Amino acid sequence: REHKAAIKYFERALEYSDPAEHDYIFLDIAIEYERLQQYQDAIDVLHRALQTNKNNEAALYELGRCYDALGATQASIDAYLKFIDEQPYSSTAWYNLGIAYSKQKKYEKAIDAYEYSLAIEPTFASSLFNLGNTYMNMQEYVKAEEAYRTCLLHDEPNPELYCCLGASLERQRLFDDALTFYKDAVKIDPLWDEGYYGLAVCLTE
């Protein structure tokens, strides 16, 4: 937990390592800055990581986390748009852009970003899941159901996904179908409270 000392030695490692590996070392430095809650310093280092290797997806994810910690949603959008100008086929960048737009409640733009992500990587489960969430926010429950069902084909079954799928069916008043997925959720995790709540709502109806 001596984060400042860790940064010092990671920086020394840059002097002796293969430049092709520098993006991973920059990522290590950024994570130490995050642990110190020095998020702007982490962002600066993450940009250096991406300059070294534009395909470092972990750096892209961490960038989103840091902007989120600073509450700098618009800055993250600007950064991802700039990155996408240079790397338009980065499904991860489009995915993170979708998240940022969702935080601003710009749901149409979020959907466009997730769709671009899925055009590049059709089996990207996280984009499919967030696409479903965005449609739920827009009260387009049939489209949300479709996104969740497609996500289920490409992701490990988990109680959160089952509950979201159940909720999309519940909003369509397809209570018997919704019950099936709420039951699946609590089978996986008997302590998943949203599953029991969904069951109660459907049984009440």
Side-chain angles (χ1 to χ4, degrees), residues 1-11 13-14 19-122 124-140 144 147 151 155 160 164:
R1 297 186 181 88
E2 295 182 33
H3 306 302
K4 291 181 180 179
I7 290 169
K8 173 185 170 183
Y9 284 105
F10 281 132
E11 287 175 343
L14 290 170
E21 299 176 355
H22 282 185
D23 60 310
Y24 295 104
I25 299 174
F26 283 133
L27 180 58
D28 288 327
I29 294 170
I31 289 171
E32 294 303 316
Y33 277 127
E34 287 181 58
R35 289 168 177 161
L36 290 166
Q37 299 185 341
Q38 295 176 217
Y39 297 109
Q40 187 57 57
D41 290 324
I43 287 169
D44 293 341
V45 176
L46 288 166
H47 280 300
R48 293 180 70 187
L50 290 168
Q51 287 169 4
T52 306
N53 178 7
K54 291 182 173 21
N55 296 315
N56 190 321
E57 293 191 354
L60 278 171
Y61 282 117
E62 289 302 320
L63 197 60
R65 285 164 54 91
C66 290
Y67 279 120
D68 191 43
L70 291 174
T73 305
Q74 187 57 51
S76 71
I77 289 172
D78 294 341
Y80 284 122
L81 286 172
K82 183 179 178 182
F83 183 84
I84 286 167
D85 280 341
E86 299 173 4
Q87 294 288 114
Y89 297 108
S90 171
S91 59
T92 303
W94 283 110
Y95 164 73
N96 281 302
L97 180 63
I99 292 173
Y101 278 134
S102 292
K103 287 174 182 173
Q104 290 190 335
K105 298 186 178 180
K106 295 179 179 178
Y107 296 129
E108 294 288 354
K109 287 188 173 183
I111 286 170
D112 285 344
Y114 293 133
E115 293 285 7
Y116 276 118
S117 173
L118 291 164
I120 297 161
E121 189 178 342
F124 194 165
S126 295
S127 280
L128 287 163
F129 181 73
N130 281 18
L131 182 63
N133 291 343
T134 306
Y135 279 128
M136 287 293 285
N137 287 328
M138 296 176 71
Q139 299 182 359
E140 294 191 29
C151 182
D155 198 6
E160 184 177 19
C164 287

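Values below: every heavy atom of this structure, side chains too, minus hydrogens, waters and symmetry copies. All values derive from a computational prediction rather than experimental measurement.
Here the side chains of Q87 and N55 are in contact, with some heavy-atom distance below 4.5 Å. A heavy-atom distance below 4.5 Å is not found between the side chains of C66 and Y33. Side-chain contact check for L14 versus I29: some heavy-atom pair is nearer than 4.5 Å. Contact check for R48 versus H22: no side-chain heavy atoms found under the 4.5 Å cut-off. Here the side chains of K54 and F83 are in contact, with some heavy-atom distance below 4.5 Å. Proximity of S90 to L60: side-chain heavy atoms (C-beta onward) are separated by under 4.5 Å at one or more points. Taking 4.5 Å as the limit, every side-chain heavy atom of N137 sits out of range of all side-chain heavy atoms of K105. Between R35 and I31, some side-chain heavy-atom pair lies under the 4.5 Å cut-off.
Atom CG in L50 sits 11.5 Å away from atom NZ in K82 (nearest 0.5 Å). Note that CD1 of I25 is 15.5 Å distant from OH of Y9, once rounded to the nearest 0.5 Å. Between D155 atom CG and L128 atom CG the span is 9.0 Å, to the nearest 0.5 Å. The line from OG of S76 to CZ of R65 is 14.0 Å long, rounded to the nearest 0.5 Å. Note that the OG1 atom of T134 and the NZ atom of K109 stand 14.5 Å from one another [nearest 0.5 Å]. Summarising the geometry, atom CG belonging to D23 is positioned 4.0 Å from atom CG belonging to N53; distances are rounded to the nearest 0.5 Å.
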Q) Q74 and Q104: side chain to side chain donor-acceptor pair (under 3.5 Å), yes or no, with the steps? A) CA-CA 8 Å; Q74 187 57 51; Q104 290 190 335; 3.0 Å; yes
Q | N133 vs C164, side-chain contact (heavy atoms from CB on, under 4.5 Å): CA-CA, chis, key distance, verdict | A | CA-CA 8 Å; N133 291 343; C164 287; 4.0 Å; yes
Q) Could you walk me through whether N96 and L63 pass the side-chain contact (heavy atoms from CB on, under 4.5 Å) check? A) CA-CA 9 Å; N96 281 302; L63 197 60; over 6 Å; no
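D68 places no side-chain N or O within 3.5 Å of a backbone atom of G64 that could act as its donor or acceptor partner. Formation of a donor-acceptor pair under 3.5 Å by the S117 side chain with backbone atoms of S91 is found in this model. A donor-acceptor pair is defined here as one N or O able to donate and one able to accept, closer than 3.5 Å; no such pair exists between the side chain of W94 and the backbone of Y80. No donor-acceptor distance shorter than 3.5 angstrom exists from the side chain of Y135 to the backbone of I111, with no hydrogens or angles considered.
Closest non-hydrogen pair, F10 versus E32, comes out as CE1-CG, 4.0 Å. Nearest approach of Y67 to A75, heavy atoms of both residues: CE2-CB, 3.7 Å. Residues L27 and A59 share a closest heavy-atom pair of CD1-CA, 4.0 Å. Nearest heavy atom pair, residue F26 against residue A49, reads CB-CB, 3.7 Å. Heavy-atom minimum distance, I120 versus Y89: CG2-O, 3.4 Å. Residues A100 and T73 come closest through the heavy atom pair O-CG2, 3.4 Å.
Taking the six-membered ring for Trp and thresholds of 30 and 60 degrees, Y95 and F124 have ring planes inclined between 30 and 60 degrees apart.
For the pair E11 and K8, the salt-bridge criterion is not met [side-chain N within less than 4.0 Å of a carboxylate O].
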